[in-house]
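Reminder, nothing fancy here: chain letters follow the sequence lines and each chain counts from 1.
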Amino acid sequence: NAGVTQTPKFQVLKTGQSMTLQCAQDMNHEYMSWYRQDPGMGLRLIHYSVGAGITDQGEVPNGYNVSRSTTEDFPLRLLSAAPSQTSVYFCASSYRGSRTDTQYFGPGTRLTVL
Amino acid sequence: AQSVTQPDIHITVSEGASLELRCNYSYGATPYLFWYVQSPGQGLQLLLKYFSGDTLVQGIKGFEAEFKRSQSSFNLRKPSVHWSDAAEYFCAVHDAGGTSYGKLTFGQGTILTVHP
């Protein structure tokens with residue numbers, strides 16, 4: 001199993017550009033989520049999904065869109081990038097998202113918005 | 001709302017010395033607690049987790065953590081640190097209420113530097 005994969009690893013955008021961060025998992029996990037990591041703030045939840053066709057907002061959803069058309073994929077879209085979205089983005093997945101499930105994290109995407 | 005505090009932003013220890021990383025949480029019910037490690041340029045790896053039962057939990061890489069309800073703490077320990085332990089460590093609590101599936105609340109992280 002490849003686990004949780006993310007592409008790209010690095011990305012530089014200009015303010016106002018759009019892009020999609022890709023996340024895929026091959027563990028047949030129902031639950032997937034996106035976090036952003038900023039210095040001194042730990043990881044904060046952006047959006048999550050409990051299954052194909054079901055998504056919900058996390059702590060910091062503004063400026064981001066998600067959809068979940070398949071179990072395997074959970075892309076994160078930046079509609080109009082802003083410098084405040086410069087961060088490291090992590091995708092995670094778990095079996096069902098219950099409290100006892102271990103969450104597996106991808107290697108991250110480092111995004112810089114100029 | 002739940003919260004997690006890691007009071008130490010940066011800790012430096014010598015190789016072979018013991019280590020304790022502090023974590024305090026605020027949560028109304030029984031917490032589900034986790035420690036993750038992030039090596040430079042890598043994703044997060046689960047070290048250990050506490051759900052219930054024995055308050056001393058063992059994890060990978062020789063780490064252990066003790067849950068103390070009276071102190072709202074879940075400190076991470078290792079008796080002898082190796083240079084490869086240099087990384088950033090995150091404590092997290094699971095928001096298990098209602099429809100909050102899988103929502104982890106993380107602390108700010110503690111960066112561990114290991115001197116030879």
Side-chain angles (χ1 to χ4, degrees), chain A residues 2-7 9-10 21 23-25 27 29-51 54-61 68 74 87-110, chain B residues 1-10 21 23-53 57 59-60 87-111:
Chain A
V4 180
T5 58
Q6 293 183 236
T7 56
K9 293 189 185 304
F10 301 94
L21 280 63
C23 173
Q25 52 89 10
M27 298 174 282
H29 285 169
E30 293 186 8
Y31 179 87
M32 297 184 74
S33 58
W34 278 101
Y35 289 86
R36 59 176 290 173
Q37 182 185 26
D38 302 293
M41 303 187 72
L43 280 76
R44 292 179 293 169
L45 184 65
I46 304 172
H47 285 286
Y48 66 96
S49 167
V50 298
I54 307 171
T55 64
D56 204 349
Q57 297 180 351
E59 181 184 356
V60 287
R68 182 100 177 266
F74 190 44
S87 187
V88 181
Y89 292 85
F90 289 99
C91 179
S93 75
S94 69
Y95 181 49
R96 289 192 177 183
S98 72
R99 65 188 76 180
T100 58
D101 287 345
T102 295
Q103 293 204 28
Y104 296 87
F105 285 80
T109 294
R110 185 175 295 274
Chain B
Q2 63 193 34
S3 65
V4 177
T5 301
Q6 294 178 243
D8 304 305
I9 297 174
H10 196 168
L21 302 182
C23 172
N24 295 101
Y25 67 89
S26 172
Y27 189 67
T30 299
Y32 289 73
L33 296 159
F34 305 80
W35 274 100
Y36 283 86
V37 60
Q38 182 182 25
S39 298
Q42 303 297 313
L44 278 74
Q45 181 182 23
L46 180 68
L47 282 175
L48 47 79
K49 55 189 177 183
Y50 171 78
F51 296 151
S52 64
V57 294
I60 62 172
E88 189 164 14
Y89 292 80
F90 292 95
C91 182
V93 62
H94 189 289
D95 184 351
T99 59
S100 301
Y101 297 99
K103 293 172 71 173
L104 291 172
T105 296
F106 284 86
Q108 301 91 324
T110 298
I111 298 171

Under 30°, 30 to 60°, or over 60°: which ring-plane class applies to A/Phe105 and A/Tyr35, parallel, tilted or perpendicular?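 A/Phe105 vs A/Tyr35 ring planes: tilted.
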
Anything under 30° is parallel, anything over 60° is perpendicular, the rest tilted; go ahead and classify B/Phe51 against B/Tyr32.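 Tilted: the ring planes of B/Phe51 and B/Tyr32 meet at 30° to 60°.
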
Please classify the contact of B/Gln6 with chain A as side chain, backbone, both or neither, using a heavy-atom distance under 4.5 Å.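 Answer is neither: B/Gln6 stays 4.5 Å or more from chain A.
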
Report which part of B/Gln38 has an atom under 4.5 Å of a heavy atom belonging to chain A: side chain, backbone, both, or neither.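 It is the side chain, since no backbone atom gets that close.
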
For A/Arg44, look at atom CZ and say whether over 12 heavy atoms of other residues, nucleotides or ligands are found less than 6.0 Å away.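 More than 12 within 6.0 Å, yes.
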
Which atoms of A/Gln37 come close to chain B, meaning under 4.5 Å heavy atom to heavy atom: side chain ones, backbone ones, both, or neither?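 Contact with chain B involves the side chain of A/Gln37 alone.
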
Find the one option among B/Leu44, B/Val4, B/Ile9 whose heavy-atom pairs under 4.5 Å with chain A are most numerous.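 The candidate making the most pairs under 4.5 Å is B/Leu44.
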
Do the side-chain N and O atoms of A/Asp38 and A/Ser87 include a donor-acceptor pair separated by under 3.5 angstrom?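 Checked: A/Asp38/A/Ser87 side chains pair up, N/O donor to acceptor below 3.5 Å.
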
